[in-house]
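By convention here, the first residue in the shown sequence is residue 1. Ligands are counted one by one from 1 in listed order, and the atoms in each one are counted from 1 as well.
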Amino acid sequence: MAEVEFRDVTRRYPGGVVALNGFNLTVADGEFLILVGPSGCGKSTALRLLAGLDKPTSGEIRIGSTVVNGLAPGDRDIAMVFQNYALYPHMSVYRNLAYGLRQRKTPRAEVERRVRETATLLEIDKLLDRKPGQLSGGQRQRVAMGRALVRRPQAFLLDEPLSNLDAKLRNQVRGDLKRLHRELPVTSVYVTHDQVEAMTLGDRLCVMAGGEIQQIGTPDEIYNRPANTFVAAFMGSPPMNLIAAEVRSGVLHVGGAAVTAVSTPDGPVTVGVRPEHLQLHRSHVDGLLPARVDFVEPLGSHVLVTALVDIGDEQTRVIVHAPAGTDLQAGIPIGLGMPPEQTYFFDADTGNARRSRERVAI
Ligand code: ADP
């Protein structure tokens with residue numbers, strides 16, 4: 001196992017697309033790091049550069065103490081699992097797992113030991129005699145992971161490995177991955193666009209957009225202290241509500257309404273509150289954000305209320321996570337409470353979090 005480092009790595013494609021721009025990231029030995037962001041943000045490019053399947057335009061990539069820029073994929077001592085994993089259909093699970101080790105001329109007894117150990121870890125030890133065609137999707141995926149793990153690589157690279165599985169299986173394999181990493185903490189870099197996978201699996205997340213890092217942090221830091229409006233809106237479902245506002249003489253104004261006193265400097269600001277933190281009141285009183293119900297979506301365990309807030313000449317939609325049974329007519333006025341410790345302020349121009357006040361970590 002080893003530390004992995006990207007130092008000022010840029011990948012520019014012919015035609016001018018900058019897929020990765022001045023990328024700096026250190027993944028600690030044994031850490032499970034998630035690269036997360038929307039499609040096209042450069043996360044696969046980062047992984048392909050680390051794997052040696054592509055070359056950086058500039059910058060340095062290190063695995064352990066070795067700078068690997070000049071090394072072929074096979075010489076990097078890493079293992080990869082892609083979404084389209086390919087098993088050898090005519091070989092048993094045992095031979096699929098053993099294949100890479102045999103190619104490397106590993107002694108027979110050692111192959112046997114490692115295959116059985118890995119199969120036990122992945123709970124596929126009863127399936128070693130079967131062919132891939134006789135396995136379920138989840139079992140095949142575990143064999144694919146086993147093939148990568150059996151080599152005990154320095155680092156484990158995973159590119160959306162769960163995206164071809166149905167929702168139930170995805171949850172199950174996600175749990176397997178978490179357990180596996182606890183038992184065998186190989187340095188792992190995991191690419192996904194799925195924020196639930198990112199939050200549940202990662203020791204730390206690297207949130208990316210447009211080839212650049214937006215924020216690196218633990219799931220708790222990313223969720224509770226987003227560095228900017230991009231991170232705030234990307235992580236969380238439904239996303240954080242973002243409302244254009246202005247602070248005048250210490251009072252937050254949204255549209256024509258003076259809402260509440262706030263402890264952030266005067267000026268234009270984007271206010272952020274997560275749906276689960278907005279407090280819904282059936283009438284509007286001072287100190288609340290005035291809104292009007294647009295529609296209500298009952299989801300069993302809770303209700304999502306979408307409301308409209310006047311922000312001057314326009315309206316903006318906000319979503320409120322309300323208790324099950326909440327029933328509101330479209331069009332009625334409501335008031336929304338914004339708890340100070342769960343209200344975020346972002347610079348109106350740059351979208352960066354205002355750091356005038358420490359956020360309360362939960
Ligand atoms: P992600 O994995 O986050 O979806 P990628 O790393 O695959 O994003 O791509 C990042 C950007 O680089 C995208 O704009 C993509 O279109 C571009 N890109 C990726 N591969 C190539 C290529 N071979 N040639 C040109 N542009 C590419």
Side-chain angles (χ1 to χ4, degrees), residues 4-27 31-63 68-73 76 78-86 141 144-145 148 155-165 170 173-174 177 187-217 219 222-223 226-237 239 351:
V4 165
E5 187 184 10
F6 291 82
R7 200 177 293 162
D8 219 9
V9 172
T10 292
R11 176 62 170 112
R12 196 185 309 271
Y13 284 112
V17 176
V18 182
L20 213 56
N21 191 13
F23 189 75
N24 283 293
L25 174 69
T26 305
V27 186
E31 185 177 28
F32 202 113
L33 184 118
I34 311 271
L35 296 177
V36 61
S39 180
C41 71
K43 50 196 189 299
S44 298
T45 298
L47 206 68
R48 289 169 55 78
L49 292 172
L50 181 56
L53 302 173
D54 191 9
K55 285 193 187 325
T57 311
S58 61
E60 201 170 88
I61 300 173
R62 189 170 57 73
I63 300 176
V68 296
N69 289 46
L71 291 186
R76 294 189 178 199
I78 43 137
M80 288 198 78
V81 178
F82 295 97
Q83 54 182 277
N84 296 313
Y85 51 90
Q141 181 64 313
M145 285 194 272
F156 198 23
L157 315 188
L158 304 103
D159 193 353
E160 308 249 6
L162 310 186
S163 56
N164 284 349
L165 306 178
R170 205 159 47 226
V173 180
R174 203 173 68 208
L177 269 174
T187 310
S188 302
V189 182
Y190 185 107
V191 162
T192 183
H193 65 275
D194 181 321
Q195 39 125 349
V196 177
E197 263 172 46
M199 294 290 285
T200 53
L201 280 173
D203 292 324
R204 281 191 311 154
L205 279 51
C206 172
V207 185
M208 299 172 63
E212 296 190 356
I213 295 175
Q214 302 297 309
Q215 187 172 4
I216 300 173
I222 298 286
Y223 193 77
N228 55 36
T229 48
F230 177 85
V231 177
F234 187 73
M235 303 303 289
S237 176

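Side-chain contact check for Asn69 and Glu60: no donor-acceptor pair (N or O, by modelled atom type) lies under 3.5 Å.
Heavy-atom distances between Ala46 and ligand 1 stay at or above 4.0 Å for every pair.
Atom 2 (O) of ligand 1 has Ser44 OG, 2.6 Å as its closest protein atom, hydrogens excluded (heavy atom only). The protein heavy-atom contact nearest to atom 6 (O) of ligand 1 is Thr45 OG1, 2.5 Å. Protein heavy atom nearest atom 26 (N) of ligand 1, with residue, atom name and distance: Tyr13 CD1, 3.3 Å.
Closest heavy-atom approach to atom 12 (O) of ligand 1 among the candidates Ala19, Cys41, Gly40, Gly16: Ala19. Considering Glu160, His193, Lys43 only, the shortest heavy-atom separation from atom 3 (O) of ligand 1 involves Lys43.
Between Glu197 and Arg174, no side-chain nitrogen of the basic residue sits less than 4.0 Å from a carboxylate oxygen of the acidic one, so the salt-bridge criterion is not met.
Inclusion of Pro14 in the set of residues having an N or O under 3.5 Å from an N or O of ligand 1 is not warranted.
Dense packing is recorded around CZ of Arg62, with more than 12 heavy atoms of other residues, nucleotides or ligands lying under 6.0 Å away.
Closest heavy-atom contact between Gly42 and Leu20: O-CD1, 3.7 Å.
Closer than 4.0 Å to atom 15 (C) of ligand 1 lies none of the heavy atoms of the protein.
Test Asp159, Ile34, Leu205, Leu33 against Tyr190 for side-chain contact (heavy atoms from CB on, under 4.5 Å) and you get one pass: Ile34.
Of all the atoms in ligand 1, the ones that sit under 4.0 Å from a non-hydrogen atom of Val17 are 12 (O), 14 (O), 17 (C). Those atoms of ligand 1 with a heavy atom of Pro38 less than 4.0 angstrom away are 3 (O).
Using a 4.5 Å cut-off on side-chain heavy atoms (C-beta onward), Ser237 and Val196 make no contact. Counting only heavy atoms from C-beta outward, the side chains of Ile213 and Val207 never approach each other to under 4.5 Å.
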